Amino acid sequence: MKTTLILHANIVNEGKVFQGDVLIKGQHIETIGKDLSSVKADTVINANGRYLLPGAIDDQVHFREPGLTHKATIFTESRAAVAGGVTSFMEMPNTNPPVFTQALLEDKYQIAARTSLANYSFFLGAGNDNLEEVMKTDIRRVCGLKIFMGSSTGNLLVDDITALEGFFSRFPSIIATHCEDEATIRKNSADYKAQYGEEIPIECHPLIRSAEACYKSSSAAVALAKKHGTRLHILHISTARELELFDNTIPLEQKKITAEACIHHLWFNETDYKTLGTRIKWNPAVKTRHDQQAVFQGVLDDHLDVIATDHAPHTWEEKQNTYFKAPSGGPLVQHSLVAMLEFCRQGRITIEKVVQKMSHNPAILFQIEKRGFIREGYFADLVLVDLDKPWTVSKENIRSKCGWSPLEGVTFQAAVTHTFVSGHLAYADGTLDESTMGQRLLFDRK
């Protein structure tokens with residue numbers, strides 16, 4: 001069984017930073033110690049004081065396969081993830097065809113088993129008429145159920161209250177929701193179209209997909225969850241007002257209702273539309289500086305439990321369309337960890353908090369087996385980062401298939417140097433080793 005020894009690292013784990021060594025044996029962490037230099041290993045990596053983190057777990061990505069592979073594939077985006085220190089991902093059902101059945105869900109797992117460099121799980125999609133199919137889900141092998149409660153993504157919008165009551169009352173595990181009120185968005189769209197026609201300025205996006213639309217839908221989801229005792233996880237919170245819906249007075253393990261912040265709502269605000277245009281068109285929209293600051297504070301004070309990306313690549317050509325035709329979403333999975341480490345450098349968040357929100361908490365929230373922490377006996381999903389290795393995002397170093405990023409031109413001070421996925425050194429100093437695929441995530445649920 002292959003062994004790897006990492007020496008002289010600053011290990012970041014469970015709220016502490018300490019100097020130590022880590023021995024990897026096969027897929028798992030064998031030993032964590034203070035001086036393991038005498039231990040024989042097949043490979044020895046001298047960290048020289050670099051920081052060793054548990055791999056990031058991204059609970060919301062769109063890798064576009066099957067059906068939309070001109071934008072991305074599980075292979076290409078998992079490469080980008082691993083290069084960015086994301087060792088596990090959970091992918092959404094709005095592919096083509098939408099993932100409404102167990103058979104289509106299993107098809108995705110088979111693709112990932114063949115092609116994903118990172119560990120993986122996939123959400124089943126809810127529709128207005130697939131409750132009985134959803135109830136066949138093995139919750140120990142599937143991360144959760146995704147409900148679009150107000151974003152007309154094909155026929156994935158669930159707008160039938162009877163269907164929603166059925167899902168919220170019967171599904172026994174995590175329901176993850178996209179919350180924007182469709183009626184509010186449609187009215188706003190009609191009002192702005194009457195004023196501008198098809199040439200609506202991109203700056204109107206957060207007014208069309210407004211804070212009101214977000215709160216109306218999020219509060220409805222929370223009300224349903226409280227009514228039925230549902231395990232609810234609301235994705236990509238983008239407004240200050242929504243924070244009041246979430247509790248920060250109890251441990252994460254005890255929460256029935258949790259929420260996520262995304263990199264783009266922490267990094268950008270409405271002033272950036274002028275220079276970046278549709279490159280930062282997401283749903284929910286990037287909103288005001290006040291909302292941006294409030295979401296960041298929500299991460300710090302634990303109203304928001306995890307940090308993810310909502311990585312959703314489109315081609316550059318697609319993004320150049322007019323307001324209504326330009327799709328929402330953008331690539332972020334390669335740059336999420338270094339973006340948060342940039343906030344660390346600015347003194348806005350600690351590296352311990354970043355690890356908590358990107359590694360520990362996703363593992364706790366989804367009850368992932370033996371991942372998300374640097375612990376003996378756990379899978380060796382590990383990331384070595386150099387906090388003083390500046391580099392600039394450019395088309396030449398973007399690994400997502402779409403070939404562009406809203407962060408092009410940004411210089412990050414930290415760089416990922418090594419990424420281990422289940423003990424396999426998948427990325428080292430700019431080179432990917434594609435000889436070993438990631439694993440299906442399993443969940444410690446009854």
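Quick caveat: nothing in here was measured; it's all calculated off a predicted structure. Every heavy atom of this structure was used, including side-chain atoms; hydrogens, water molecules and symmetry mates were not.
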Would you mind reporting whether [Y] and [X] have side-chain heavy atoms less than 4.5 Å apart?
X	Y	value
Y378	P54	no
L332	D310	no
L235	M92	yes
S121	M90	yes
D42	T4	no
S336	V86	yes

Between the main-chain N or O of [Y] and the side-chain N or O of [X], is there a donor-acceptor pair closer than 3.5 Å?
X	Y	result
K401	T69	yes
E318	T315	yes
T76	A72	no
K319	T278	yes
Q60	A308	no
E260	H236	yes
R345	L387	yes
S116	G438	no
H62	H311	no
T137	I139	no

Taking all atoms of both residues into account, what is the closest heavy-atom pair of [X] and [Y], and its distance?
X	Y	result
F420	I6	CE1-CD1, 3.7 Å
A112	I74	CA-CG2, 4.1 Å
F443	F366	CD2-O, 3.1 Å
A415	V338	CA-CG1, 4.3 Å
V295	S238	CG2-C, 3.9 Å
T239	D291	CA-OD1, 3.5 Å

Fit a plane to each ring of [X] and [Y], take the angle between them on a 0 to 90° scale, and name the class: parallel (under 30°), tilted (30 to 60°) or perpendicular (over 60°).
X	Y	value
F343	F296	perpendicular
F89	F122	perpendicular
F412	H335	parallel

Straight-line distance of [X] [atom1] to [Y] [atom2], nearest 0.5 Å:
X	Y	atom1	atom2	value
L52	N10	CG	CG	9.5 Å
T309	I307	OG1	CD1	11.5 Å
L425	K2	CG	NZ	7.0 Å
S405	K395	OG	NZ	9.0 Å
L252	N361	CG	CG	5.0 Å
H314	R279	NE2	CZ	15.0 Å

H178 vs F148, ring-ring contact (aromatic ring centres under 6.0 Å, His included): CA-CA, chis, key distance, verdict: CA-CA 5 Å; H178 178 129; F148 288 87; 5.7 Å; yes

Sole candidate of D305, D59, T177 that passes side chain to side chain donor-acceptor pair (under 3.5 Å) when paired with H233: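 The option that passes is D59.
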
Can [X] and [Y] be counted as an ion pair, charged N to O under 4.0 angstrom?
X	Y	result
E132	R170	yes
K353	D302	yes
R440	E106	yes

Donor-acceptor list for residues 11-25 side chains, cut-off 3.5 Å, not counting sequence neighbours:
from: N13; atom 1: OD1; to: I374; atom 2: N; distance (Å): 2.9
from: N13; atom 1: ND2; to: I374; atom 2: O; distance (Å): 3.0
from: E14; atom 1: OE1; to: R375; atom 2: NH2; distance (Å): 3.0
from: E14; atom 1: OE2; to: R375; atom 2: NE; distance (Å): 3.0
from: D21; atom 1: OD1; to: H8; atom 2: N; distance (Å): 2.8
from: D21; atom 1: OD2; to: L36; atom 2: N; distance (Å): 2.7

Within 6.0 angstrom of R141 CZ, more than 12 heavy atoms from elsewhere: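 For R141, atom CZ is not crowded (no more than 12 foreign heavy atoms under 6.0 Å).
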
Evaluation steps, side chain to side chain contact (heavy atoms under 4.5 Å, CB included), between R64 and E77: CA-CA 9 Å; R64 305 304 190 196; E77 306 317 285; over 6 Å; no

CA sep, side-chain torsions, deciding dist, call: K389, T417, side chain to side chain donor-acceptor pair (under 3.5 Å): CA-CA 9 Å; K389 190 177 183 180; T417 63; over 6 Å; no

D381 vs S88, side chain to side chain contact (heavy atoms under 4.5 Å, CB included): CA-CA, chis, key distance, verdict: CA-CA 8 Å; D381 295 338; S88 300; 4.1 Å; yes

Derivation and outcome, side chain to side chain contact (heavy atoms under 4.5 Å, CB included), residues M437 and S78: CA-CA 10 Å; M437 297 300 107; S78 68; over 6 Å; no

